[in-house]
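Notes follow the structure.
The sequence lines fix the lettering, A, B, ..., with proteins before strands; numbering per chain opens at 1.
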Protein chains: 2
Amino acid sequence: MQTYKAPLRDVHFCVHELFDFVSHYRSLPSGSELGMEEVDAVVQAIATFAEDVLAPLNRSGDEEGAHFEAGKVRSPQGFAAAYRQYVEAGWPRLGNPTEYGGETAPYSLKLCVSEFMQAANHSWCMYALLNDGAIKTLLGFAEEALLQRFVPKLVSGEWMGTMCLTEPHCGSDLSQVRTRAEPRGDGSYSVTGTKIFISSGEQDFSENIVHLVLARLPDAAPGTRGISLFAVQKRVADTANSVRCLSIESKMGLKASATCVMAFEGAQGWLVGPPGRGLNAMFVFINKSRLGTAQQAQAHAEGAFQTSLAYAQQRFAGRSPTATEDAGPAALIVHPDIRRMLLIQKAIAEGGRAFVLYCAKWVDLADSADTHARGRAEQRLALLTPIAKGALSEWATEATDLGIQILGGHGYMKEWGLEQRVRDVRITRVYEGTTGIQGMDLLGRKLLGPLREEFVAFTDEILALAVRVERQRSLAGLAAGLVGGVNLWREITDVVGEQSRLDVASVGAAAVDYLMLAGYVCVGYVLAMSALVAQERLEAGDAESAFYRAKIQTAQFFLDKLLPRVHVHGQSIRNGSGSLMGMDEASFGLGV
Amino acid sequence: MQTYKAPLRDVHFCVHELFDFVSHYRSLPSGSELGMEEVDAVVQAIATFAEDVLAPLNRSGDEEGAHFEAGKVRSPQGFAAAYRQYVEAGWPRLGNPTEYGGETAPYSLKLCVSEFMQAANHSWCMYALLNDGAIKTLLGFAEEALLQRFVPKLVSGEWMGTMCLTEPHCGSDLSQVRTRAEPRGDGSYSVTGTKIFISSGEQDFSENIVHLVLARLPDAAPGTRGISLFAVQKRVADTANSVRCLSIESKMGLKASATCVMAFEGAQGWLVGPPGRGLNAMFVFINKSRLGTAQQAQAHAEGAFQTSLAYAQQRFAGRSPTATEDAGPAALIVHPDIRRMLLIQKAIAEGGRAFVLYCAKWVDLADSADTHARGRAEQRLALLTPIAKGALSEWATEATDLGIQILGGHGYMKEWGLEQRVRDVRITRVYEGTTGIQGMDLLGRKLLGPLREEFVAFTDEILALAVRVERQRSLAGLAAGLVGGVNLWREITDVVGEQSRLDVASVGAAAVDYLMLAGYVCVGYVLAMSALVAQERLEAGDAESAFYRAKIQTAQFFLDKLLPRVHVHGQSIRNGSGSLMGMDEASFGLGV
């Protein structure tokens, strides 16, 4: 009973009306001549592929799961065939360098359409959409010989890449990586160790796999500075390399995706980038994946909203609050509490989309040839990426979960696909760094450190928008709410700065609250921006007034019902770390 | 890797130190001579049963699931045998009337120990723990002949009861019930209709099943006033009745529990209570189940806390914030954000336990023979039950979900059992009435109506406790926080009262925020009460000082990090229903 339609109207709004991608592409230092029709053609094509090919495989993939037998992974019925279709259409080439067989397109366009695929079938994307990160990492760090060996095959989609970080004893803390790499004397290395949680570590989509593996050279320093990056093929020429999939995990969700335990047993690999710089190289991949994860989460919010809305329109229960005593049952959507939940989903789906695409414009600049533009954009992305990844993954959990609540008992059943969304989206708060890790990155590593100036610039930008919003009298409340949020964000940043001078635990104690507070302000920003554009269209007498009114109403809902949460996060931070750190470790378990 | 230990120390704290059940039992108008040793013996026995028999079946039950074949349900391996053990120990008799074979015990004692079983194996409890509600409903409404027919078999556990409310087209809105009951002329009725979501509608635990079924007599009024209650046996004497299980549901969680679609095809049944009063009778069952559901949720919070704590103590990652740069990785529990999540779980598990047992004392009074005490207690329970059910089920979702977050990628895997807790607990926010329904019941039906006086009495009681807490100088902050919460609760009650005079949507718009606000104050109340008792023990020089200090610290954590959430709920309510109701129904979906 679940269906998925690519939200083309709202994507059009973001791409053309809100962010004007076509002008942005023209102004990119790297240059891009993509016109409106070309952009819309890509959007429409991927939308159709997602709706017609990927969405129908989503539930069957969950039910069937990935198979593992004798070291081989078999993906669920239809998955590999869908990938062949994807490759044949040439889509993996999009946004990759032409010298390796790619087709020019800014990252933002690619991200714009990947929402449809993520919403339609998250598990399938776990196989199909990892290559871009691998390619970018190789382009940034590998020598030409390696580029020639790997990149054309990855660009075409014939081969696929993985990222191999986690080991049984260490995940978030990569300083504990134990996998070893020993020089073979022929320029290659023997890689030995066990990696876990490797998405598509083994699969039946591609003829070969390029594993990007964190490992230590014999003379490596301890900690993260001793970690190097290696590219390890599944097959070298026609010979199987010494890398095996030992098992796949039994998980809460993403059951169609093979999450592999990989054994590297003296596998031949090649060093990517300088020794000891493996984590820097891998972070190219990770940062790309973090924004992608933000989008996966947002895509689930959209998918959950669509199913919930369809149900709320067709299911009848309870009298409308405005009806007379003897009125019959009304559609669920008349009830205020159902609307509250639908609007949370809608605000997260639309606000999240606008926020992700706002970030994507900065990625385009960071990818560009202009060093100055690039530096600036990298700073901005360093600030925004943990916020987008952390906050959107948290909200998407809320949005999908509310889908179950809107459907009641029926939401708990497999039939409507909402419980699958809850299970699938859950990993977005964990992989590519938990919300706690994102919070520490944002607050501890960046805002209390080198990004303070960029933070001021970004919040100034928000305040400038607020001034424009305020000029539209009907949006003055929105402007005031946004300004309140920004001011609180600045104030709390100072509060934690003060706390951290006296209390080493304060940053960790504040991290998640701080990240969420920032998230509300950021999404408030893009929603206010959307409301301003919508108001301008309404004043220009645009015929599509219902769409634009709904945009403004969604922003107003966010202001009334979600933005106030910043105050709880602020208060929680002000209350400090005392009640977290005071309890003895041994006392936690004394109730048993 | 999951283990469960009954939290005996904290239960002892609640039963003896916080609520002094033994004195309470002595003072009950219905009289109960249970001493400390007898209470502790029951607690210990059920704790052992839950730990040794039920907990080991929890994961295997989830993996295997309930089976359905040719109209028969087979429960997972070991489930029915565990029930035989439970029956042979005589535990179903506990708390049921001696004239039907029961053994005297106040409800609170029974609820106190059912936490262990719910935490150990929620699915198993879905079969085993429904009888008390069925018995209570029959005792309240059925004629003596029916009581004689059903109650002794239900009390002994030989037969089991179900509640059959939901139909394919209606769940929360029972006014739409279509199942018919026609008189057969022999005092019995022919019941015809389809019921869905019937837990244990068919099973292999008991030789017979008594379905309590909502249906309409031929001349029934429309709406809920036309609904009557019927008891329909699976087998009448030795003959199969015309009631069949058509299928069982495929669900997010509780996979070991059979959720049945039941077809009543002219099944012979008996009227329970007067015609048209079916909902009143069923609400005896429902209210009992609502407090039980609150406990199921709390039990999951405890279970998730135990697993998360074990992991946080044994897994090493990241430096302690107080360590030097070159320190090695420390146990997760040193990290502030991990502590934040563990303490949320702990506060919900312990605060929830105290709140449920506080409610249970009122149930004892409501069950008593004294009419005055009963009326008062019923009022108090009418106020507290939706809060306990709604808020605890919401928090338990948060607490179990944080378990996944604490374990990171490992939490997403089946191995540790946390993802199962998330899936299992999710239904507690839905069945026995969604959180929205609880909020409307609390606010719309009760606090803006007949229970206003009881609300004042209850909040006065909290304020009186705050005065006592404040006298302990070290707890003054706790008292002030509690008073702030109570005052906000009162104020917001007036705000909604005002809004509702002008805006019919305001109550529905406020319902869930209101319920959650009330929940924080209620749990703040019992945690402050706990802190006061703990402080008194510390001052008396009790040797177990770490336990009591942790009690106070948990209350302080709740005050610092969770209680501030009341302000968001308050602000959201103040912002009214405008941004929920303004959007046209057709505009919600315009983004597609």
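- In this structure, A:Arg426 pairs ionically with B:Asp401, as a charged nitrogen and a carboxylate oxygen lie closer than 4.0 Å.
- Looking at B:Ser506, neither its backbone nor its side chain comes within 4.5 Å of chain A, counting heavy atoms on both sides.
- Considering all non-hydrogen atoms of both residues, A:Arg339 and B:Leu580 come closest at NH1-O, 2.9 Å.
- Of the residues considered (B:His569, B:Glu544, B:Glu419, B:Met341), B:Glu419 shows the highest number of contacts with chain A, using heavy-atom pairs under 4.5 Å.
- Top candidate by heavy-atom pairs under 4.5 Å with chain B, chosen from A:Gln176, A:Lys5, A:Arg565, is A:Gln176.
- At distances below 3.5 Å, not a single donor-acceptor pair connects side-chain atoms of B:Asp10 with backbone N or O atoms of A:Gly591.
- Neither the backbone nor the side chain of B:Ala511 comes within less than 4.5 Å of any heavy atom in chain A.
- We find the OG-CD distance between A:Ser250 and B:Glu63 to be 5.5 Å, quoted to the nearest 0.5 Å.
- Minimum heavy-atom separation, B:Arg549 to A:Asp584: NH2-OD2, 4.1 Å.
- Judged by distance alone, the side chain of A:Glu249 and the main-chain N or O of B:Lys414 form no donor-acceptor pair under 3.5 Å.
- The nearest pair of heavy atoms linking A:Asn575 to B:Pro564 is ND2-CG, 4.2 Å.
- Neither the backbone nor the side chain of B:Phe13 has a heavy atom closer than 4.5 Å to any heavy atom of chain A.
- Note: A:His169 leads A:His169, A:Glu350, A:Glu302 in heavy-atom pairs under 4.5 Å with chain B.
- In this structure, the separation between CE on A:Met581 and CZ on B:Arg340 is 13.0 Å, given to the nearest 0.5 Å.
- For A:Ile437, no part lies near chain B; criterion is any non-hydrogen pair under 4.5 Å.
- In this structure, the portions of A:Thr554 lying under 4.5 Å from any heavy atom of chain B include both its backbone and its side chain.
- When all heavy atoms are compared, the tightest approach of A:Asp173 to B:Pro329 is OD2-CB, 3.6 Å.
- Of the listed residues B:Ala317, B:Ala312, B:Ser175, the one with more heavy-atom pairs under 4.5 angstrom with chain A than any other is B:Ala317.
- Rounding to the nearest 0.5 angstrom, the gap separating the CZ atom in B:Phe588 from the CD atom in A:Gln306 is 14.5 Å.
- Only the side chain of B:Ile196 comes within less than 4.5 Å of a heavy atom in chain A; its backbone stays farther off.
- Listed options B:Ile333, B:Ile427, B:Leu343 were ranked by heavy-atom pairs under 4.5 angstrom with chain A; first place goes to B:Ile427.
- Comparing A:Gly409, A:Gly436, A:Pro222 by heavy-atom pairs within less than 4.5 Å of chain B, the highest count is held by A:Gly409.
- Separation of atoms CD (B:Gln556) and CE (A:Met583) is listed at 10.5 Å; rounding is to 0.5 Å.
- Under the 3.5 Å distance criterion, the side-chain polar atoms of A:Gln405 are matched with a main-chain donor or acceptor of B:Arg429.
- Between chain A and the residues B:Val512, B:Leu8, B:Val422, the largest count of heavy-atom pairs under 4.5 Å involves B:Val512.
- Taking the six-membered ring for Trp and the full ring otherwise, A:His410 and B:Phe197 have centroids separated by under 6.0 Å.
- Atoms OG and CG, from B:Ser172 and A:Leu332 in turn, are 8.0 Å apart once rounded to the nearest 0.5 Å.
- Side-chain atoms of B:Lys251 do not come within 3.5 Å of backbone N or O of A:Met413 as any donor-acceptor pair.
- By the 4.5 Å heavy-atom criterion applied to side chains, A:Gln571 and B:Val568 are not counted as neighbours.
- Without hydrogens or angle criteria, B:Arg9 side chain to A:Leu590 main chain gives no donor-acceptor distance under 3.5 Å.
- Ranking A:Ala550, A:Gly578, A:Ser577, A:Gly589 against chain B, the residue ahead of the rest is A:Ala550, based on heavy-atom pairs under 4.5 Å.
- Contacts of A:Phe558 with chain B are absent, with no heavy-atom separation under 4.5 Å from either backbone or side chain.
- No other option in B:Gly171, B:Ala510, B:Gly576 has as many heavy-atom pairs under 4.5 Å with chain A as B:Gly576.
- If you take OG1 on B:Thr434 and CG on A:Leu407, they are separated by 12.0 Å, rounding to the nearest 0.5 Å.
- Between the side chain of B:Tyr412 and the backbone N or O of A:Arg423, at least one donor-acceptor pair lies under 3.5 Å.
- The two residues B:Ala509 and A:Pro336 have their closest heavy-atom pair at N-CB, 3.4 Å.
- Minimum interatomic distance between A:Asp560 and B:Ser579 (heavy atoms only, all atoms of both residues): OD2-OG, 3.0 Å.
- When B:Cys170, B:Gly328, B:Gly223, B:Ala47 are compared by the number of non-hydrogen pairs under 4.5 Å with chain A, B:Cys170 comes out ahead.
- A donor-acceptor pair is defined here as one N or O able to donate and one able to accept, closer than 3.5 Å; no such pair exists between the side chain of B:Gln420 and the backbone of A:Met252.
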